[in-house]
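Counting starts at 1 for both ligands and their atoms, in listed order.
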Amino acid sequence: MKHGKGPEARKRIVITGGAGFIGAHLCRRLLAEGHEVTCIDSFRTGRLSNLDPIATHPGFRIIQADVTRFETVGLDPADEIYHLACAASPPHYQADPIHTMMTCVVGTAAFLDYAARCGARFLLASTSEVYGDPEVHPQTESYRGAVNPTGPRACYDEGKRAAEALAYDHARAGGVGVRVARIFNTYGPLMRADDGRVVSNFIAQALAGRPLTLYGTGLQTRSFCYVSDMVEGLMRLMGHPEPVLAPVNLGNPEERTMRELAETVARLCNVPLRMAQHPLPKDDPHRRCPDISRARSLLGWAPRVGLEAGLAETIASHRQAEHRAAPQILATGTREACAVPSPG
Ligand code: UDP
């Protein structure tokens with residue numbers, strides 16, 4: 001037995017965006033469970049350092065490639081594809097909006113074709129952003145959303161909506177075993193300090209003794225899911241034995257205002273709360289909270305890590321990162337065995 005799993009149980013798994021925040025946690029967990037994992041990442045927002053502890057694992061391969069230009073024909077067949085590739089933080093996905101839209105559409109189309117060719121299950125990492133600035137609260141999967149199709153968030157929101165449509169077209173036309181996870185705000189170790197999202201911003205600012213940047217009144221809400229809970233939810237959704245013909249919300253329904261989050265982060269970092277107010281970005285959703293009834297009944301899944309416990313872990317990992325040397329590019333030992341198309 002290789003890597004602790006028999007050949008039937010050991011799956012060949014492709015993770016696009018595997019060097020990103022959630023992707024790297026997923027790579028680590030799937031390798032620890034004995035699977036063979038191929039990570040495909042452009043390293044535009046993902047980081048090689050996220051893969052440090054597993055980079056030389058014999059069951060792991062890294063392919064540096066942009067999914068919008070990747071030729072999947074050369075890939076070995078896979079049993080499962082987790083399609084996570086896409087910048088997910090508003091400042092990052094808005095920095096190159098055309099590329100974001102192409103990643104969602106062209107990248108998803110390429111990997112759905114690959115799934116159809118090799119008979120793999122395909123999990124699309126979609127997003128709560130498909131609900132836009134919702135008028136229904138909490139958001140159920142049947143709610144069709146209120147997205148501004150021409151605003152600065154559209155590249156991501158509409159991109160992911162198109163990706164969902166493509167996925168279900170492949171399921172209907174080609175029988176691809178599609179799963180769509182609508183991922184709500186997720187946080188935890190391995191988030192970049194410069195990610196730009198609220199949790200990492202507040203922690204980085206508090207630890208640096210700077211005021212926390214509060215956008216708008218700070219009364220807008222989000223519901224934050226710790227990354228280990230998210231990874232568990234994604235794996236359960238992928239592992240569900242029956243076809244899953246509708247999207248599934250994954251997130252933590254504990255809803256907080258951004259003011260409450262700022263107070264909690266400052267308290268856990270042991271610093272006095274100081275805030276600097278900034279304008280609310282255009283189309284910033286006012287409320288967001290998942291209804292997770294479907295995930296509970298279908299997958300027996302619910303988040304287990306509360307906000308304070310998860311923030312404490314995240315703050316500890318940010319503190320450690322501050323003291324670590326700058327990440328180095330690794331010689332992975334397995335990388336040269338892969339096709340490495342020129343980075344996009
Ligand atoms: N936000 C904030 N300060 C920051 C970053 C974000 O107040 O430094 C707010 C932002 O306006 C939004 C919420 O926090 O209302 C969550 O933003 P984030 O970018 O984390 O994710 P989103 O849910 O908007 O995709």
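Where the criterion is an N or O separation shorter than 3.5 Å, residue side chain and backbone included, Gln205 fails it with respect to ligand 1. Between Val198 and ligand 1, at least one N/O pair is under 3.5 Å apart.
Of the heavy atoms in Leu212, none comes closer than 4.0 Å to ligand 1. Here Arg197 has heavy atoms under 4.0 Å from ligand 1 in both its backbone and its side chain. At a heavy-atom cutoff of 4.0 Å, ligand 1 is contacted by the side chain of Asn201 but not by its backbone. Counting heavy atoms closer than 4.0 Å to ligand 1, residue Pro281 contributes side-chain atoms (C-beta onward) but none from N, CA, C or O.
Ligand 1 lies out of reach of His278, whose nearest heavy atom is not under 4.0 Å from it. For the pair Arg259 and ligand 1, no heavy-atom separation below 4.0 Å is found.
Ion pairing of Asp284 with Arg222 is present here, as a side-chain N (NZ or NE/NH1/NH2) and a carboxylate O approach within less than 4.0 Å. Checked for salt-bridge contact, Arg161 and Glu164 miss the test: no charged N lies under 4.0 Å from a carboxylate O. Salt bridge Arg267/Glu263: absent, no basic N to carboxylate O contact under 4.0 Å. Arg236 has a carboxylate O that lies under 4.0 Å from a charged side-chain N of Glu232, or vice versa, which qualifies the two as a salt bridge.
Relative ring orientation between Tyr131 and Tyr143 is described as parallel, the plane-to-plane angle staying below 30° on a 0-90° scale split at 30° and 60°.
Near Arg288, meaning under 4.0 Å from any of its heavy atoms, are these atoms of ligand 1: 22 (P), 23 (O), 25 (O). Shown in contact with Gln220 at under 4.0 Å from a heavy atom are these atoms of ligand 1, numbered in order with element: 9 (C), 11 (O), 15 (O).
In summary, the side chains of Gln139 and His137 do present a donor paired with an acceptor at a separation below 3.5 Å, with no hydrogens or angles considered.
A distance-only check finds no donor-acceptor pair linking the side chain of Glu36 to the backbone of Lys11 [under 3.5 Å]. Between the Asp41 side chain and the Ala19 main chain, a donor and an acceptor come within less than 3.5 Å of each other.
Among all protein heavy atoms, the one lying closest to atom 5 (C) of ligand 1 is Tyr215 CE1, 3.3 Å.
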